[in-house]
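Along the sequence shown, residues carry numbers from 1.
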Amino acid sequence: MKHSQPSKEDLLKEEYVTTLTYFLRDSSVYDCLSINNQVSVVDMSLSLFDTFKIFIDSHVDEVLFWNQEIANYDGVFTQTDLIKTVLKCYYNVLYDIPNIWTTNNIKAIIEIENEEESYSPIKRTIFGRLTIDQFNQLLQDFKNISIKAWFNSIGENLHQNCLIKAELDENLNDVCQKFITENITRIIVIEKESKMISGIIQQKDILSFLVKGFSQYFALKKHQNKTTNTNHHHEQHELQMEYFKDQVTQLQYTLPAHIPVYDLFYKLIYIYKRNTIAIVDQNNKYLGLIDRRDFLFILKYQMFDILASTTEKFLSLIKTEDSKYLAYYIRNKQQFSFNQTIKQVVENLLLSPRGSLVCLDNEQRVVSIFEISDLFKIFVIDNQNFENSGQ
């Protein structure tokens, strides 16, 4: 019985995966850590308002907590935490629910939430807009409530986001394994001797490093391996996205333009657990992308009423804001196709302002929406599965 011969793409992928494993093992966190990497540290006593301002002014994705009691870092507050906090506070103020639970109001709050399941816009969406008094109350709460008080109030402690760490000399293959097993997108980098934090490494840092260094490494290994069949002497980046089409076309995450912005971000965070979502019209035609960072637009201009408006209106405001920056037009990459190579898609993804690309059919309907974490899985998780299978 004859065995079917592996295709050119199968051979190319096998060679690519094998070389990728060695490349990651031969590279360290130090090699990959961005020179522009910055770490913002806040005390737990800082107000919600001042914490939000750090995200707006510094363009960071997360801040670390400093615990004076133990004189060490003790948690992380991400953009996801920021969105959850604002949505919860906004909803509470809109429905006259206190944002800080005390012995005087905790019983009433529990009764309200148990009876109406109020903090679930999937079952009961928001109606109406904030009055002037409610708007002022929301701002006052943001300025008066500390990070520590907020987490204690909602029944969560600051230790919930445990710090996953890696040392500067740790190889990238082991770091990638941490990303996978811990289901995280960022890792705190520490210096071995001093135990001081050197930075934060994200999945996009590893992808960027792969783009810069893997081609040369692959070519070097090709040159060293004299037994390589010249008929398959191809660059690994000639492997097209078409090869991963079955996986990629499963990523069809869209939301209709008519839903409230509040519901948009609630579903993005709690339901889809994605960074970016594609917005479509009533005919399912693509209108644009919205990601978690766009939420900062609401905070920057204190446009909390937009949470009750339609996603279509919010998308229009975001596009107007983006158009103010020339660099947006120069660097803007939003789409990909399956006839592009991996290298092309990775480069465009890293240039994308929202860290996502969308593939559309001829009628402008979404075939797939592809973000950095998805590509990271193709580069790294497939690599880990291949390695663990013992092939």
Item to check | side-chain contact (heavy atoms from CB on, under 4.5 Å) between T51 and T85, worked out | outcome: CA-CA 11 Å; T51 303; T85 300; over 6 Å; no
Item to check | Stepwise side chain to side chain donor-acceptor pair (under 3.5 Å) test for R129 and S309 | outcome: CA-CA 9 Å; R129 299 176 182 274; S309 297; 3.2 Å; yes
Next on the checklist: Would you say that I342 contacts Y243 through its side chain, given a criterion of any heavy-atom pair below 4.5 Å between the two side chains?
Outcome noted: no
Checklist entry - Does Q134 reach the main-chain N or O of V93 with its side chain, forming a donor-acceptor pair under 3.5 Å? => result yes
Next on the checklist: Between Q340 (side chain only) and S337 (backbone N and O only), is there a donor and an acceptor less than 3.5 Å apart?
Outcome noted: yes
Item to check | D61 bridged to R292 by N-O distance under 4.0 Å | outcome: no
Next on the checklist: Rounded to the nearest 0.5 Å, what separates atom CZ in F265 from atom OH in Y270?
Outcome noted: 13.5 Å
Checklist outcome for this item: Separation between OH (Y253) and OG1 (T276), nearest 0.5 Å, reads 12.0 Å
Checklist entry - Any donor and acceptor pair, going by atom type alone, linking the side chain of Q252 with main-chain N or O of S368 inside 3.5 Å? => result no
Item to check | L255/I290 under side-chain contact (heavy atoms from CB on, under 4.5 Å): CA gap, chis, key distance, verdict | outcome: CA-CA 10 Å; L255 283 173; I290 288 179; over 6 Å; no
Checklist entry - Do S28 and L168 come within less than 4.5 Å of each other through their side chains, counting heavy atoms only? => result no
Next on the checklist: Taking atom NZ as the centre, does K192 end up with more than 12 heavy-atom neighbours from other residues, nucleotides or ligands that are less than 6.0 angstrom away?
Outcome noted: no
Checklist entry - Shortest non-hydrogen contact from S198 to L33? => result O-CD2, 3.9 Å
Next on the checklist: Side chains of Q79 and N275, heavy atoms from C-beta outward: is any pair under 4.5 Å?
Outcome noted: no
Checklist entry - Is a donor on one side and an acceptor on the other found under 3.5 Å between the side chain of T311 and the backbone of I259? => result yes
Checklist entry - Should L317 and T320 count as side-chain neighbours, where that means a heavy-atom distance under 4.5 Å? => result no
Item to check | F336 and F338 aromatic centres sub-6.0 Å | outcome: yes
Item to check | ring pair (Phe, Tyr, Trp, His ring centres under 6.0 Å) partners for F49, two or more places apart | outcome: none
Next on the checklist: Side chains of F179 and I184, heavy atoms from C-beta outward: is any pair under 4.5 Å?
Outcome noted: yes
Checklist entry - In Å, rounded to the nearest 0.5 Å, how long is the span from CZ of R354 to CD1 of I318? => result 6.5 Å
Next on the checklist: I'd like to know whether L251 forms a side-chain contact (heavy atoms from CB on, under 4.5 Å) with R274, so could you lay out the CA-CA distance, the side-chain angles of the two residues, the decisive distance to 0.1 Å, and finally the verdict.
Outcome noted: CA-CA 10 Å; L251 307 171; R274 304 276 293 177; 4.3 Å; yes
Next on the checklist: Keeping S352 on the side-chain end and N348 on the backbone end, is there a donor-acceptor pair under 3.5 Å?
Outcome noted: no
Item to check | Residue of the set I372, I201, V29 for which side-chain contact (heavy atoms from CB on, under 4.5 Å) holds with I206 | outcome: I201
Checklist outcome for this item: Given the options L24, D26, D31, L172 meets side-chain contact (heavy atoms from CB on, under 4.5 Å) only with L24
Item to check | Residue pair F55 / F77: nearest heavy atoms and the distance that separates them | outcome: CZ-O, 3.4 Å
Checklist entry - Sub-3.5 Å donor-acceptor pair from the side chain of Q250 to the main-chain atoms of D246, do we have one? => result yes
Checklist outcome for this item: Applying salt bridge (Lys or Arg N to Asp or Glu O under 4.0 Å) to D141 and not counting sequence neighbours gives none
Checklist entry - Closest approach of L264 and F314, non-hydrogen atoms and distance? => result CD2-CD2, 4.5 Å
Item to check | Any donor-acceptor N/O pair, N283 side chain to K285 backbone, under 3.5 Å | outcome: no
Next on the checklist: Could you check whether any side-chain heavy atom of F370 comes within less than 4.5 Å of a side-chain heavy atom of V358, counting everything from C-beta outward?
Outcome noted: no
Checklist entry - Roughly how far apart are E371 CD and Q203 CD, rounded to 0.5 Å? => result 9.0 Å
Next on the checklist: With a 6.0 Å cut-off (strictly less than), is the heavy-atom count around CD of E312, excluding the residue itself, greater than 12?
Outcome noted: no
Next on the checklist: Please tell me whether S208 and D205 have a donor and an acceptor in their side chains that are separated by less than 3.5 angstrom.
Outcome noted: no
Checklist entry - Side-chain contact, heavy-atom cut-off 4.5 Å: L307 with F295? => result yes
Checklist entry - What class does the angle between the rings of F23 and F209 fall in, given that below 30° is parallel, 30 to 60° is tilted and above 60° is perpendicular? => result parallel
Checklist entry - Is a donor on one side and an acceptor on the other found under 3.5 Å between the side chain of S58 and the backbone of V60? => result no
Item to check | Backbone of F297 reached by a side-chain donor or acceptor of E321 within 3.5 Å | outcome: no
Item to check | Closest non-hydrogen atom pair between V345 and L357, with its separation | outcome: O-CD1, 3.7 Å
Next on the checklist: S45 vs D43, test: side chain to side chain donor-acceptor pair (under 3.5 Å). Steps then yes/no.
Outcome noted: CA-CA 5 Å; S45 62; D43 190 271; 2.6 Å; yes
Item to check | Stepwise side chain to side chain donor-acceptor pair (under 3.5 Å) check, Q335 with Y286 | outcome: CA-CA 11 Å; Q335 297 187 29; Y286 174 74; over 6 Å; no
Checklist entry - Under 4.0 Å between a Lys/Arg side-chain N and an Asp/Glu carboxylate O for K53 and D57? => result yes
Item to check | Y30 atom OH, over 12 foreign heavy atoms within 6.0 Å | outcome: no
Checklist entry - Pick one: which of F52, W150, F135 meets ring-ring contact (aromatic ring centres under 6.0 Å, His included) with F142? => result F52
Item to check | Heavy-atom donor-acceptor pair, N136 side chain to D133 backbone, under 3.5 Å | outcome: no
Item to check | Close side-chain approach of I188 and L64, heavy atoms under 4.5 Å | outcome: yes
Checklist outcome for this item: CG (D50) and NZ (K143) are apart, to the nearest 0.5 Å, by 9.0 Å
Next on the checklist: Could you go through T254 and I369, starting from their C-alpha distance and side-chain angles, then the distance that decides it, and tell me whether this counts as side-chain contact (heavy atoms from CB on, under 4.5 Å)?
Outcome noted: CA-CA 8 Å; T254 64; I369 176 170; 5.9 Å; no
Checklist entry - What distance separates I200 CD1 from E62 CD, expressed to the nearest 0.5 Å? => result 3.5 Å
